[in-house]
Participant: 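This is the structure I have questions about; it appears just below.
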2 protein chains.
Amino acid sequence: MGRPAKFTREQLQQAALALVDADGLSGLTMRALASRLETGAMTLYNYVSQREELEMLVVEAVLGKVRWETDDRLPWHDALEDIAIALWRVIRDHPHVIPLILTRRSRSPAVFEVTEALLRTLAHSGRSGARLLVGFRAVSALIMGAAQAELAGPLTLQADESPDETIARFQALPPDRFPHLIEIATAATASDAETEFRASLSLLIDGLRADAAPLA
Amino acid sequence: MGRPAKFTREQLQQAALALVDADGLSGLTMRALASRLETGAMTLYNYVSQREELEMLVVEAVLGKVRWETDDRLPWHDALEDIAIALWRVIRDHPHVIPLILTRRSRSPAVFEVTEALLRTLAHSGRSGARLLVGFRAVSALIMGAAQAELAGPLTLQADESPDETIARFQALPPDRFPHLIEIATAATASDAETEFRASLSLLIDGLRADAAPLA
DNA sequence: ACCTGAACACCGTTCAAGT
DNA sequence: ACCTGAACACCGTTCAAGT
């Protein structure tokens with residue numbers, strides 16, 4: 001038998017998330033994580049086979065934080081809204097991780113469990129099979145797409161820019177060619193991301209309700 | 001006056017997109033692009049200031065391919081559907097670029113124009129201001145989220161995996177804990193991405209129609 | 001079994017020198 | 001103005017040797 005392990009995978013996971021939250025995604029290097037754990041870079045390869053595996057761990061650490069109610073007395077659409085907003089909030093709490101959440105596949109039990117909870121709730125609308133699949137596609141696309149907009153949408157303010165500068169940038173566009181773009185850029189300054197997400201989600205849920213089986 | 005430029009920004013843009021389409025995202029390095037253009041790596045810095053600018057060019061090259069009808073006799077919801085599907089198809093035609101589309105901001109005139117077209121169509125539903133903003137948020141999130149699912153969703157098949165293996169992987173899950181996950185994984189094999197996207201989009205559009213002003 | 005330093009094969013980018 | 005090689009400061013990862 002060998003010597004006892006110096007770390008656990010969970011320790012790497014937590015340290016990696018802390019590193020990304022603090023220093024951004026570019027701060028997550030094998031060497032930086034190793035030095036945070038006060039060891040050599042090569043030691044990490046006893047726990048993960050590649051840097052990409054580290055990135056999966058970070059994604060799973062974030063998505064694993066989602067908590068939701070499981071109150072079956074709630075109407076399905078209210079329960080669905082709760083899970084979707086819980087997911088969105090957790091993602092938004094870790095803005096530096098968003099690129100990884102969007103691009104890395106995650107397959108941890110925790111992620112499967114939120115997914116199943118969301119599906120279960122959606123199934124209470126009377127959906128199954130292909131219709132359940134489509135409902136799931138729509139809801140999860142809306143959540144992920146909202147996270148994407150947070151990161152790199154047209155209305156997102158740049159790193160080097162104040163909100164006033166963002167709106168000024170849009171108002172500098174030719175108003176005859178981009179009237180609606182200017183209009184929503186203005187509207188965006190009087191709004192906030194969660195309000196907008198909730199309202200978008202409501203639109204989709206209205207569509208889901210209209211198409212639900214009679215039992216809903 | 002100096003010597004004439006050896007390339008144009010457009011040439012870099014096209015070469016970069018071709019490189020990514022052919023070799024994947026990891027194939028896009030300053031050195032690889034330079035060698036494709038038969039020049040030294042440093043020459044590229046006469047056209048872009050950073051590698052990231054190259055990535056923006058690639059995103060804009062893809063999104064600039066979107067073409068849409070501008071037939072004002074179409075009902076707004078049909079026109080909206082056309083633009084959304086055109087966008088989705090263009091993104092899907094360049095799967096290797098999806099991570100960049102999700103994570104890089106694009107501000108080219110071409111991207112502004114699709115956005116304005118989408119907004120204009122949505123405005124025909126009677127929306128303006130904050131309601132127009134929310135409608136836009138919802139539609140673009142759905143498109144971007146669908147692209148994300150294509151890249152790294154739970155049902156996406158891995159690089160090293162056949163469709164049969166994907167479904168087998170889900171069917172190996174404990175059926176008492178993940179019944180709905182298993183159900184949609186099965187449904188997904190009998191479906192295809194465009195059908196699912198169109199159906200998700202219809203759900204959202206139904207929600208938008210229900211909430212539209214009377215003039216729609 | 002797990003740990004780890006040295007070394008290798010890459011990167012993006014700065015610098016300085018060219019025309 | 002634009003071009004470009006050399007060099008620098010990073011990376012992730014292989015290898016080989018340790019306990």
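Letters A, B, ... are given to chains in the order of the sequence lines, protein chains preceding strands, and every chain is numbered from 1.
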Participant: What is the distance, rounded to the nearest whole Å, between atom CD of A:Glu53 and atom C1' of D:dG12?
Facilitator: 14 Å
Participant: For A:Arg127 and B:Glu183, what are the C-alpha separation, side-chain angles and deciding distance, and is it a salt bridge (charged side-chain N to carboxylate O under 4.0 Å, His left out)?
Facilitator: CA-CA 11 Å; A:Arg127 267 164 248 268; B:Glu183 181 179 345; over 6 Å; no
Participant: Between C1' on C:dT4 and CZ on A:Phe7, what's the gap in Å once rounded to a whole number?
Facilitator: 12 Å
Participant: Scan the side chains in residues 166-178 of chain A for donor-acceptor partners under 3.5 Å anywhere in the protein, sequence neighbours excluded, and list what turns up.
Facilitator:
| residue | atom | partner | partner atom | Å |
| --- | --- | --- | --- | --- |
| A:Thr166 | OG1 | A:Glu161 | OE1 | 2.9 |
| A:Thr166 | OG1 | A:Ser162 | O | 3.2 |
| A:Arg169 | NE | A:Glu161 | OE2 | 2.9 |
| A:Arg169 | NH2 | A:Glu161 | OE1 | 3.1 |
| A:Arg177 | NH2 | B:Glu113 | OE2 | 2.5 |

Participant: Consider side-chain contact (heavy atoms from CB on, under 4.5 Å). Of A:Thr156, A:Ile98, A:Leu102, which one does A:Gln148 pass it with?
Facilitator: A:Leu102
Participant: Categorize A:Thr29 for me: base, sugar-phosphate, or nothing, with a 4.0 angstrom heavy-atom threshold over every strand shown.
Facilitator: sugar-phosphate
Participant: Determine which bases of DNA chain D form Watson-Crick or G-U wobble pairs with both distances under 3.5 Å, and write the result as a 5' to 3' dot-bracket string with | for other-strand partners.
Facilitator: ||.|||||...|||||.||
Participant: Run the side-chain contact (heavy atoms from CB on, under 4.5 Å) test on B:Val139 and B:Ile83 for me, step by step, so that the C-alpha distance in whole Å, both residues' side-chain angles and the decisive distance to 0.1 Å come before the verdict.
Facilitator: CA-CA 10 Å; B:Val139 174; B:Ile83 300 178; over 6 Å; no
Participant: If you look at every heavy atom in A:Ala34 and A:Leu44, which pair is closest and at what distance?
Facilitator: N-CD1, 3.9 Å
Participant: Take the protein atom CG of B:Leu44 and the nucleotide atom P of C:dG12, then report the distance between them rounded to whole Å.
Facilitator: 10 Å
Participant: Taking 4.0 Å as the cut-off, does a side-chain nitrogen or oxygen of A:Thr43 come that near to OP1 or OP2 on C:dC2?
Facilitator: no
Participant: How many Å lie between OH on B:Tyr47 and C1' on D:dT4, as a whole number?
Facilitator: 12 Å
Participant: Tell me the interatomic distance from A:Asn46, atom CG, to C:dG5, atom P, rounded to whole angstroms.
Facilitator: 12 Å
Participant: Between C:dC11 atom C1' and B:Leu28 atom CG, what is the distance in whole Å?
Facilitator: 12 Å
Participant: Determine the interplanar angle of the A:Phe7 and A:Tyr47 rings, folded into 0 to 90°, and report it as parallel if under 30°, tilted if 30 to 60°, perpendicular if over 60°.
Facilitator: perpendicular
Participant: Between B:Thr121, B:Leu204, B:Ile85, B:Leu201, which is the residue that forms a side-chain contact (heavy atoms from CB on, under 4.5 Å) with B:Leu80?
Facilitator: B:Thr121
Participant: Quick one: B:Asp23 CG to C:dC11 P, roughly how many Å, whole number?
Facilitator: 12 Å
Participant: Just wondering, are more than 12 heavy atoms of other shown residues or ligands nearer than 6.0 Å to CD in A:Glu69?
Facilitator: no
Participant: Each nucleotide N or O in nucleotides 13-16 of chain C that has a protein N or O under 3.5 Å away: list the pair and distance.
Facilitator:
| residue | atom | partner | partner atom | Å |
| --- | --- | --- | --- | --- |
| C:dT13 | OP2 | B:Tyr45 | OH | 2.8 |
| C:dT13 | OP2 | B:Arg51 | N | 2.9 |
| C:dT13 | O5' | B:Tyr45 | OH | 3.4 |

Participant: With rounding to the nearest 0.5 Å, note down the distance linking NZ in B:Lys6 to OG1 in B:Thr43.
Facilitator: 5.5 Å
Participant: Would you kindly give the NZ-to-C1' distance between B:Lys6 and C:dG18, to the nearest whole Å?
Facilitator: 14 Å
